[in-house]
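Here's the structure, in structure tokens; my notes come after.
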2 protein chains.
Amino acid sequence: MPSPPPAWVQALKPTEPQGTQLLAQERAQSKVDVEKLGELLHTKKALQKQDEILSVLKSEKVFDKSQNHVLGRTERIQLALARGKRLQQLSKVHNWTETEYHVANDLVAEPTPYGLHASMFLVTLREQSTPEQRKIFYERAANYEIIGCYAQTELGHGSNVRGLETTATWDPSDQTFVIHSPSLTASKWWIGSLGRTANHAVVMAQLFIAGKNYGPHPFVVQIRDLESHQPLENVYVGDIGPKFGYNTMDNGFLLFNKLKIPHINMLARFAQVDKATNKYVRPASPTLMYGTMTWVRSNIVLQAGGVLARGVTIAIRYCAVRRQFQDRDAKAGAEENQVLNYKMVQIRLLPLLATMYALHFTGRGMMRLYQENQKRMNSASQADQEKRGAGPEELRAGSDLLADLHATSCGLKALASTSAGEGLEVCRRACGGHGYSSYSGIGPWYADYLPTLTWEGDNYMLTQQVARYLLKSARAVLAGKGTGNDTSRILQAYLARREKGASFDILGNDSDIVAAFAWRTAHLTFETLKQRDVEKRSWNSLLVNFWRLSTALSQYIVVRNFYEAVTSPELTSSLDPETAGLMRSLFRLYSLNTLERESSEFFSSAAVTVRQIGLTQTNEVMKLLDQIRPHAVRLVDAWQIPDWQLDSSLGRSDGNVYPDLFRRASQENPVNDLVFDPYPWNENVLKNAAPKSKL
Amino acid sequence: MPSPPPAWVQALKPTEPQGTQLLAQERAQSKVDVEKLGELLHTKKALQKQDEILSVLKSEKVFDKSQNHVLGRTERIQLALARGKRLQQLSKVHNWTETEYHVANDLVAEPTPYGLHASMFLVTLREQSTPEQRKIFYERAANYEIIGCYAQTELGHGSNVRGLETTATWDPSDQTFVIHSPSLTASKWWIGSLGRTANHAVVMAQLFIAGKNYGPHPFVVQIRDLESHQPLENVYVGDIGPKFGYNTMDNGFLLFNKLKIPHINMLARFAQVDKATNKYVRPASPTLMYGTMTWVRSNIVLQAGGVLARGVTIAIRYCAVRRQFQDRDAKAGAEENQVLNYKMVQIRLLPLLATMYALHFTGRGMMRLYQENQKRMNSASQADQEKRGAGPEELRAGSDLLADLHATSCGLKALASTSAGEGLEVCRRACGGHGYSSYSGIGPWYADYLPTLTWEGDNYMLTQQVARYLLKSARAVLAGKGTGNDTSRILQAYLARREKGASFDILGNDSDIVAAFAWRTAHLTFETLKQRDVEKRSWNSLLVNFWRLSTALSQYIVVRNFYEAVTSPELTSSLDPETAGLMRSLFRLYSLNTLERESSEFFSSAAVTVRQIGLTQTNEVMKLLDQIRPHAVRLVDAWQIPDWQLDSSLGRSDGNVYPDLFRRASQENPVNDLVFDPYPWNENVLKNAAPKSKL
């Protein structure tokens, strides 16, 4: 690394007022209770635990982040494996729970090659194994005696699982399955932890018995030797190459040439091949999977708030430190203005500040609803079995709610991850030129997050499921068969009032904002239903409408959850009135800003008037920006994201932005060890390099 | 590199229909004349020259692109310098013109460390030097005897040039300038080619004479020794570190400790310090700079079309090859559908296809207007000097037009670069999971393009200049002092008809679409003028409106230019009627899709009715998608972007997508040379590595 700068450079300070002073000033002008708000968001216990884990990680040299952005891919992935190993070791030493291990992983904030082993491989083995299989596979995997991955997606087949080409053919003669890749496009592709790390894979393959296809099923397949780690015969496996982000993960490819695996290797909890009869035994209760997916998606919604919070924290702190130009209406000789004072910056960042809270509360709301319902259904199911009380009705209500949660979680996953991903890029640009530096901390984080917009259901594909559900619900409501869930409720409410029309007081009454979002959703639903059922329009021609419909429903749910959170006793009783009031302002900003961006749908559904939109735009949103602005820094402080996790010069909590950028550029940047030979007629790139060096 | 796969893998083919067949089928179903359209866009001569240069580059090993995405930053930047050197050498050998050299650079498609030397350094020396200075500086620089950069931006000062801190103080005692960095934030920052390559810099510094500040001026400063390439004393210089993209460029920092430079080193064409009197001599005609900036921005608009074309070419070809799901209304057993057939994909990609054409024609239109006006003004200026004819009036008209071009080029630069940058990301996502692979060719290109949204005027900052100009024009028009330029014209037309109201037939008459965009712009302008001048609202509170205003004007100009291009004899006479008709459809798609996205402004200005928007959305845009879809592949083919330049497995012109992805992953990916030790309790990362290896 380069030697330290000369004394005259070391003596230089940034001009006054420095970032440290400006952030101190920001914090002095607001009374938001950062501690209390942080505890409301994350719980006191979780924040303490995070501190403990952080101090363990910071003392380990392998987690030093300073060279993350300059290493080539082969170096980075080796370092990531070393980190993954150390995390496992520390997890054992400190007796971390699974949650605590994931907290540590989040603090390190980059994928490790164990990522898919520790999630999908273990989860699938645990949930889809028979007791016998749990012993053979799950227990060894949990001890890292075997390392695995989850191999579903193929080179030519992403979203459409039914289109998978890999086959598992039952061979009654020796009672094995033959795993085979019939074409190049059958190659498993994108499989995390597969490329270089895993020695086993759960392979999703079309199950064939006596020439009949029973659809995709999971098989445990050993792919590498447990000692030499070389691929087994008739297995071709490797890493799929460099990516936009996620380069510390070995996403892999995998091909099979008629590889035989024993009967026990088909995960058999929900379906199996009977060895005696060579017959397929039907799967039990597929709704269980249903629940898991809902859970995973609700988690993505919750995490999206935290993902966005990193970008918003960085951008708001830096825009409070960065100063450019005088206010045009200011007196001559005024100092340069903090960038955060400009309305054009506020309108980009403060709605995102509101969004991160909105997504957090929505994710939490979804998960709570899901858990309560699971509990209720379990006890109803028991009551049903014991033939007492209102079991069956309770069960039906529960499964209606689960269906509702499942559909809405699809739309919310799409909305939340898109908002977070695109929001991060808005934050990066709001930092001006320095946002482009890797030391901003936003770019690498954004690049690693982007796959979330595609996996667990592509964000565009998912919207079809939501629309299908809405159309189905609308048909039921029209037929007088609406269920008791919220979707039926808003559709019914709309129908009851449709003739009279809406007259929501969105500027005077917060609950009317929620009602306006519900109204617009219901209106679009019935419009689309008419196009499909009456005008008989093709499914394809309606895809764009479906996407709009899903967005409308999801925005309504976010607005509703946010409203419920800011009016909940849990919030209002644990926060001082000023902070609670600010939460209310954030709710209004998120809702009214969204309403304004989507205004044409609100007009055309007659949920609001043109005049209301005009007032929202020119008065109300501007007023909210003014209200929230003085508290912006404390409102991001409350998320309590450690500096070490942010890894950002711009977003440092102490505001010492410019010295830190300078230190990293001059002291942590190996490019400054190179001495170029700058003349084009000299072949050598470096001074004193051997002639004709290979570059 | 990894050894070739076993025979059974080599024998595998993608499932039918393969990409090659699908693209052949796409091309067979359309009669768009790819050659003729290509020549219209680029000229036949330019396309031939591109072919020649391409074959030179492809035969040079140093330009092999296969390892671009896996190298670490120190390796990449050395390779980029080697490429920059070779480009210079080839330029000499083949006697390339400056344009041809830039074509070669574009084909290599990554920044080289000579980037800022070859552009801003040379341009500034050429345009701002006295004849004496040209000899000393420009001629040596043009021969690469000295290598330079353009050092304006500072660590704490980006957009606001007046806020720069670096000083150049005239010392009459020895007739030198003292260049000094008074603080850390005064450090030059982001300066391309400075970090490791340049030995000279044009430094923008506040000129002080006898204690008085005369504002920023350019000084040529030697910063490194011409032999050893070590920094001179009292100069601290280096590379600023890793970035989101542009990592093949050595953007640098630079600090001075009272460095003395001779009088001759202040570039003196427009302003100088008189040695005899120690007085400042006033700058001549600053409008010259004005012209250069307009030219640079018009170029960004033109290039934005080409930048976006790379992404659209890749995405449209790949979406014609990729198949997912059956159409829901199709008969059972139907084959999987090409993704490009889905309306949700079309609505994302086809408007971008239209946008790339729109931006190209707009950039061309702007440049033509600029050149014609320069010519007219030059001859008028001569006429004026010779005291004959209508010189002065012509001159005034010319400078009115130049002012109009200058303001509109600011807004267009913002709109065009934002459309291209964000459009690339839309293209990447439209490719599904594989879009995330570096082999898609979109991600790296997007990352390298993003700075364009910030430099040459931050896209948000620029919109203030546009709005200021519109308000000024509106005041003039109200006072009866409108000029003859287009902006005055649309404001006058609006006023003349405001009482009667608009009744544009946007669905029946294409010129009415243009008129509706003009109307909306004029309406917003007068609304905003009222807020500023009558309601006396603060500048800051109007920034968001200004941004909307600038967007509205810029969209109008794009729509107008596109309309003029598709109705021009140049286009209609050189293309067959079917292709010319498709150009017209692209115009309509761009315009109506934009109108729909901005519909609330079109409503509230009463440029169109709610019913018209409804019809646009549900009927007209869908119809246009149907019309354009069969020609999509040929319409991107016509841009004739060579495969070698695209560097994309997904966007290959032969459609051989999956075999190419597979080849690159398995054969060009050095990660597959690593053999991991996967067990967390073993410290080593690689099998057979020395114990306790440093990673």
Side-chain angles (χ1 to χ4, degrees), chain A residues 8-9 12 14-15 69-74 78-79 81-82 85 88 144 147 155 158 160 183-185 190 196-197 236 238-244 257 324-325 328-329 343-344 347 432-433 436 438 443 454 460 538-540 543-544 599-600 658 665-666 669-672 676 678 680 685 695, chain B residues 8-9 12 14-15 69-74 78-79 81-82 85 88 144 147 155 158 160 183-185 190 196-197 236 238-244 257 324-325 328-329 343-344 347 432-433 436 438 443 454 460 538-540 543-544 599-600 658 665-666 669-672 676 678 680 685 695:
Chain A
W8 64 268
V9 171
L12 292 172
T15 36
H69 313 304
V70 296
L71 297 178
R73 180 134 193 270
T74 47
Q78 291 175 67
L79 181 55
L81 180 61
K85 289 187 172 198
Q88 276 309 313
Y144 285 71
I147 314 287
L155 181 53
N160 185 12
S183 77
L184 189 69
T185 37
W190 282 111
R196 298 282 94 193
T197 313
Y236 189 64
D239 175 279
I240 64 164
K243 294 149 292 187
F244 193 59
N257 185 33
Q324 291 279 307
F325 295 101
R328 228 179 110 92
D329 293 327
K343 283 282 171 290
M344 195 66 233
I347 195 73
Y436 196 64
S438 299
T454 309
Y460 286 100
S538 72
W539 187 263
N540 193 14
L543 291 180
V544 181
S599 54
S600 71
Y658 296 121
S666 61
N669 175 9
V671 168
N672 286 325
F676 277 9
V685 164
L695 277 170
Chain B
W8 64 268
V9 172
L12 293 172
T15 39
H69 312 304
V70 295
L71 297 178
R73 180 135 192 269
T74 47
Q78 291 174 67
L79 181 55
L81 181 61
K85 288 186 173 199
Q88 275 309 313
Y144 285 70
I147 314 287
L155 182 53
N160 185 13
S183 76
L184 189 69
T185 37
W190 282 111
R196 297 282 94 193
T197 312
Y236 190 64
D239 175 279
I240 63 163
K243 295 150 291 188
F244 193 60
N257 185 33
Q324 290 281 306
F325 296 101
R328 228 178 110 91
D329 293 327
K343 283 283 170 292
M344 195 66 233
I347 195 74
Y436 196 63
S438 300
T454 309
Y460 286 100
S538 72
W539 187 261
N540 192 14
L543 290 180
V544 181
S599 54
S600 71
Y658 297 120
S666 61
N669 175 7
V671 167
N672 285 326
F676 278 9
V685 164
L695 278 169

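This is a predicted model, so every value here is computed, not measured. Values below: all heavy atoms of this structure, side chains included; hydrogens, waters and symmetry mates excluded. Throughout, protein chains are lettered first and strands after them, A, B, ... in sequence-line order, and every chain is numbered starting at 1.
- Note: A:Asn540 CG to B:Lys343 NZ = 5.0 Å, rounded to the nearest 0.5 Å.
- At least one side-chain heavy atom of A:Asn669 sits under 4.5 Å from a side-chain heavy atom of B:Arg73.
- In terms of non-hydrogen atom pairs under 4.5 Å with chain B, the most contact-rich of A:Leu543, A:Thr454, A:Asp329 is A:Asp329.
- Both the backbone and the side chain of A:Leu155 come within less than 4.5 Å of a heavy atom in chain B.
- Residue contact with chain A, scored on non-hydrogen atoms closer than 4.5 Å, involves the backbone and the side chain of B:Tyr436 alike.
- The choice from B:Gly238, B:Pro14, B:Gly432 that makes the most heavy-atom pairs within less than 4.5 Å of chain A is B:Pro14.
- Contacts with chain B were tallied for A:Arg328, A:Gln324, A:Gln88; A:Arg328 has the most, counting heavy-atom pairs under 4.5 Å.
- The shortest side-chain heavy-atom distance between B:Tyr236 and A:Ser666 falls under the 4.5 Å cut-off.
- Remark: side-chain polar atoms of A:Ser438 are paired, donor with acceptor, to backbone N or O of B:Pro242 under 3.5 angstrom.
- Looking only at distances, no side-chain donor or acceptor of A:Asp239 sits under 3.5 Å from a matching main-chain atom of B:Ala665.
- Between B:Arg196 and A:Asn672 the shortest side-chain heavy-atom distance falls below 4.5 Å.
- For the atom pair NZ (A:Lys85) and CZ (B:Phe676), the distance works out to 9.0 Å, reported to the nearest 0.5 Å.
- For A:Tyr658, the parts lying under 4.5 angstrom from a heavy atom of chain B are both the backbone and the side chain.
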* Residue pair B:Thr15, A:Thr185: steps toward the side chain to side chain donor-acceptor pair (under 3.5 Å) verdict -> CA-CA 6 Å; B:Thr15 39; A:Thr185 37; 3.1 Å; yes
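- Between chain A and the residues B:Trp190, B:Trp8, B:Tyr460, the most heavy-atom pairs under 4.5 angstrom are made by B:Trp8.
- With rounding to the nearest 0.5 angstrom, the CG atom of A:Asn257 is 8.0 Å from the CG atom of B:Leu12.
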